[in-house]
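The structure appears below as structure tokens.
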Amino acid sequence: MTNIVSTRLLILGSGPAGMTAAIYAARAGLSPIVVQGIQPGGQLTTTTDVENYPGFRDVIQGPWLMEEMQAQAEHVGTRMMWDHINQVDLTRRPFVLKGDSGEYHADTLVIATGAQAKWLGLPSEEHMKGKGASACATCDGFFYRGKKVAVIGGGNTAVEEALYMTNHSHDVTLIHRRDSFRAEKILQDRLFANPHIKVMWDSEVAAFVGGGTPEVLVGLDIRYVKTGAISLLEVDGAFVAIGHSPATELFID
Ligand SMILES: Cc1cc2nc3c(=O)[nH]c(=O)nc-3n(C[C@H](O)[C@H](O)[C@H](O)COP(=O)(O)OP(=O)(O)OC[C@H]3O[C@@H](n4cnc5c(N)ncnc54)[C@H](O)[C@@H]3O)c2cc1C
């Protein structure tokens with residue numbers, strides 16, 4: 001029999017947005033339920049240093065911050081549910097949400113499902129996922145200790161990921177398709193001051209190249225956008241850091 005949970009307010013997602021909503025709702029006496037999803041704590045649990053959260057002069061850790069937010073939300077009366085929602089019906093009331101572990105009926109729904117990392121969309125990238133192609137340096141960087149790595153992108157995420165990877169590797173190449181970064185100036189200053197990072201400007205990844213048995217990433221075919229010329233960059237790991245797209249497929253139509 002399906003386990004049905006009924007609530008006045010259901011909050012979908014347990015990142016900073018979901019936790020903030022939960023703290024306000026619980027303090028308003030709405031007894032909210034947070035469905036945490038497959039990434040309890042959200043994206044900040046995949047990073048280390050956070051230095052722009054107001055109120056902390058020193059650098060704090062993303063996973064710690066999210067534990068604190070969850071503890072505060074629970075302390076003021078939020079109930080956490082360990083489930084992932086894969087179906088919603090918003091045409092009737094109460095709203096009906098179906099998850100892996102049960103069904104939820106909610107008078108009100110707060111959607112705080114955040115975002116997912118974007119990929120380049122190359123067939124060779126898909127093939128090399130888990131064999132050297134990653135979209136999260138803080139999750140997978142450790143596996144490339146002492147190896148050659150590349151980071152792809154030009155915004156804050158790419159520059160942060162390149163800087164982070166120098167904790168593991170002294171041979172980090174940042175590949176960017178333009179001739180300047182969009183990243184914040186303070187991050188760019190740190191990047192240019194770091195002797196372990198070199199930048200390939202006006203360059204994009206044409207293909208992820210595998211080799212060996214079992215197959216692993218051995219390099220990237222890099223296209224110089226001004227001439228179209230392709231050259232091989234030998235790397236053991238490649239981190240795609242080109243931003244995020246909203247996790248809203250559940251609400252299509
Ligand atoms: C590596 C990295 C470093 C970062 N560093 C910083 C930083 O230093 N400073 C800063 O300000 N920002 C930083 N950010 C950005 C910050 O993490 C995000 O802006 C923030 O996490 C967004 O919060 P959110 O609550 O909207 O969503 P998210 O954190 O994306 O959380 C989404 C939540 O929704 C849940 N969810 C999704 N789909 C479902 C579903 N179908 N059913 C149930 N639950 C679902 C997930 O499990 C997750 O709990 C960083 C991001 C990354 C990836």
Side-chain angles (χ1 to χ4, degrees), residues 1-56 59-119 135-136 138-139 155-157 160-161 184 241-253:
M1 219 178 81
T2 312
N3 179 29
I4 297 179
V5 176
S6 293
T7 178
R8 285 172 74 188
L9 172 58
L10 189 130
I11 297 165
L12 199 52
S14 54
M19 292 304 182
T20 306
I23 291 164
Y24 276 81
R27 294 191 71 253
L30 295 172
S31 308
I33 288 180
V34 169
V35 176
Q36 293 186 294
I38 49 174
Q39 191 174 52
Q43 293 172 62
L44 274 185
T45 60
T46 67
T47 192
T48 48
D49 296 355
V50 174
E51 59 178 21
N52 62 350
Y53 193 79
F56 294 92
V59 168
I60 54 172
Q61 300 297 302
W64 173 83
L65 179 61
M66 293 318 302
E67 275 173 26
E68 292 297 310
M69 285 194 202
Q70 176 170 338
Q72 185 181 5
E74 287 178 317
H75 175 71
V76 290
T78 305
R79 186 172 157 203
M80 299 287 163
M81 304 287 297
W82 226 109
D83 204 352
H84 179 79
I85 301 298
N86 39 52
Q87 214 182 316
V88 292
D89 184 352
L90 306 184
T91 60
R92 56 182 161 140
R93 297 226 177 213
F95 300 136
V96 177
L97 297 94
K98 292 186 179 158
D100 294 338
S101 315
E103 188 170 304
Y104 303 85
H105 293 183
D107 295 336
T108 309
L109 173 67
V110 171
I111 301 168
T113 47
Q116 285 158 354
K118 283 186 193 163
W119 291 85
C136 181
T138 39
C139 317
N156 280 358
T157 309
E160 281 182 2
E161 302 255 276
E184 288 166 14
I242 55 170
H244 291 77
S245 43
T248 47
E249 318 79 55
L250 199 53
F251 304 99
I252 287 171
D253 299 330

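Counting from 1, the numbers follow the sequence of the chain as shown. As the structure is a prediction and not an experimental result, all values here were calculated from the model.
Taken from CE in Met81 to OG in Ser14, the straight-line distance is 13.0 Å, to the nearest 0.5 Å. Between the CD atom of Glu161 and the OG1 atom of Thr157 there is a distance of 6.5 Å, given to the nearest 0.5 Å. Taking CD of Gln43 as the start and OG1 of Thr45 as the end, the distance is 8.5 Å to the nearest 0.5 Å. To the nearest 0.5 Å, atom CD of residue Glu184 and atom CG of residue Asn156 are 4.0 Å apart. Atom OG1 of residue Thr138 and atom CG of residue Leu44 lie 10.0 Å apart, to the nearest 0.5 angstrom. The line from CG of Leu109 to OH of Tyr104 is 12.5 Å long, rounded to the nearest 0.5 Å.
Side-chain contact between Glu103 and Leu97: absent, with no pair of heavy atoms (C-beta onward) separated by less than 4.5 Å. Between Leu90 and Phe251 there is a side-chain heavy-atom pair separated by less than 4.5 Å. In this structure, Val110 and Leu10 have side chains that are not in contact, with every pair of non-hydrogen atoms separated by 4.5 Å or more. The closest side-chain heavy-atom distance from Asn86 to Asp100 is below 4.5 Å.
Checked against salt bridge (charged side-chain N to carboxylate O under 4.0 Å, His left out), Asp89 has the following partners two or more places apart in sequence or in another chain: Arg92. Not counting sequence neighbours, Glu249 has no partner by the salt bridge (charged side-chain N to carboxylate O under 4.0 Å, His left out) test.
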Task: Test side-chain contact (heavy atoms from CB on, under 4.5 Å) applied to Met19 and Met80, step by step - done: CA-CA 10 Å; Met19 292 304 182; Met80 299 287 163; 3.7 Å; yes
Open item on the list: Evaluate Ile33 against Thr78 for side-chain contact (heavy atoms from CB on, under 4.5 Å), listing each step before the verdict.
Closed with: CA-CA 6 Å; Ile33 288 180; Thr78 305; over 6 Å; no
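For the residue pair Ile23 and Met69, the shortest heavy atom distance occurs at CD1-O, 4.2 Å. Between Ile85 and Leu250, the shortest heavy-atom distance links the atoms O-CD2, 3.7 Å. Minimum heavy-atom separation, Ala26 to Pro32: CA-CD, 3.6 Å. Of all heavy-atom pairs between Thr46 and Cys136, the closest is CB-SG, 3.9 Å. A pairwise comparison of heavy atoms in Ile11 and Ala21 identifies CD1-C, 3.8 Å as the closest pair. Of all non-hydrogen atoms in Leu9 and Ala25, the two that sit nearest each other are CD2-CB, 3.2 Å.
Formation of a donor-acceptor pair under 3.5 Å by the Thr20 side chain with backbone atoms of Pro16 is found in this model.
Around the CD1 atom of Ile4, the shell of radius 6.0 Å holds more than 12 heavy atoms that belong to other residues, nucleotides or ligands.
Contacts classified as side-chain hydrogen bond (donor to acceptor under 3.5 Å, both in side chains) and involving residues 21-39 (residues at least two apart or in different chains) are given here: Gln36-Gln70.
Looking at Asp83, Asn3, Val5 one by one, the single match for side chain to side chain contact (heavy atoms under 4.5 Å, CB included) with Ser101 turns out to be Asp83.
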